[in-house]
Amino acid sequence: MMSLIARGLLGLYGWKVVGVIPEGLKRCVLIGAPHTSNWDFPVTILAGFALKMKVRWLGKDSLFNGVPGLFCQVTGGIPIDRSGAKDTVNQVVGVFKNHEKIFLTLSPEGTRGKTEFWRSGFYHIAKGAQVPILLGFVDYKHKVAGIGKVFAPAGNLLDDMKEIREFYSTV
């Protein structure tokens, strides 16, 4: 039912959702790229519902207090401690250890804007948690959101990032 509602809401605004969850995929780092607008969040959450996958996302732990915290939890938020010199990659790898099924979306840009280079945290999280990377996208030019291929990090960061970026070259 949520899938139909999400597709309907996106359709009202001219959006289409494409892709299917690969059979047997239960845990992955889901790249949400490019991350260029505040609208990425609602489009991504609705696209996740449309694809029948509960997308999870990370937020600083202070967001999870009171009424805003309830909203964060309902929409799939996972609090993360960003105070001081915390090892965020290992914190997030720990999140995977506590979930049998999780599609954790991360923005490789690390900001809402076009960047020349991506941060590599998503890659190190996937390697540390021993999960694949699912290539998701929000294409504003064509009003299409969805998921593409599953990518298994081979261990060579530069070569792997080149292949991942190639997928996004037309989005």
Note, [X] side chain near [Y] side chain (heavy atom, < 4.5 Å):
| X | Y | value |
| --- | --- | --- |
| Phe41 | Ile45 | yes |
| Val138 | Trp15 | yes |
| Leu30 | Leu135 | no |
| Tyr123 | Pro153 | yes |
| Val18 | Phe137 | yes |
| Arg56 | Val95 | no |
| Ile133 | Phe122 | yes |
| Cys72 | Trp57 | yes |

For the hydrophobic clusters of this structure (ILVMFWY residues joined by side-chain heavy atoms under 4.5 Å, transitively), does one cluster hold both [X] and [Y]?
| X | Y | result |
| --- | --- | --- |
| Val131 | Leu25 | no |
| Ile5 | Leu12 | yes |
| Met161 | Phe167 | yes |
| Val144 | Tyr13 | no |
| Leu106 | Val55 | no |

- Query: Any side-chain donor paired with an acceptor under 3.5 Å for Asp40 and Tyr140?
  - Reply: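 There is such a pair (donor and acceptor under 3.5 Å, judged by atom type) between the side chains of Asp40 and Tyr140.
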Atom pair [atom1] ([X]) and [atom2] ([Y]), whose distance is rounded to the nearest 0.5 Å:
| X | Y | atom1 | atom2 | value |
| --- | --- | --- | --- | --- |
| Leu46 | Leu10 | CG | CG | 4.5 Å |
| Met2 | Lys54 | CE | NZ | 10.5 Å |
| Ser3 | Leu51 | OG | CG | 7.5 Å |
| Leu70 | Thr75 | CG | OG1 | 9.5 Å |
| Thr170 | Asp139 | OG1 | CG | 7.5 Å |
| Lys97 | Asn90 | NZ | CG | 7.5 Å |

Can you name the closest pair of heavy atoms from [X] and [Y] and give their distance?
| X | Y | answer |
| --- | --- | --- |
| Pro132 | Val150 | CB-CG1, 3.5 Å |
| Ile125 | Phe96 | CG2-CE1, 3.8 Å |
| Leu134 | Cys28 | CB-SG, 3.8 Å |
| Lys101 | Arg27 | CA-CG, 4.1 Å |
| Val17 | Arg7 | O-NH1, 3.5 Å |
| Ile31 | Thr105 | C-OG1, 4.3 Å |

- Message: Taking salt bridge (charged side-chain N to carboxylate O under 4.0 Å, His left out) as the definition, give me every residue that meets it alongside Lys149, ordered by chain and number, with sequence neighbours left out.
- Response: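 With neighbours one apart ignored, the set is Glu163.
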Are any side-chain N or O atoms of [X] and backbone N or O atoms of [Y], one a donor and one an acceptor, separated by less than 3.5 Å?
| X | Y | answer |
| --- | --- | --- |
| Asn65 | Ser62 | yes |
| Tyr168 | Gly136 | yes |
| Gln73 | Phe64 | no |

- Query: Would His99 and Leu104 count as a side-chain contact (heavy atoms from CB on, under 4.5 Å) if you check the C-alpha gap in whole Å, the side-chain angles of each, and the deciding distance to 0.1 Å?
  - Reply: CA-CA 10 Å; His99 291 84; Leu104 181 65; over 6 Å; no
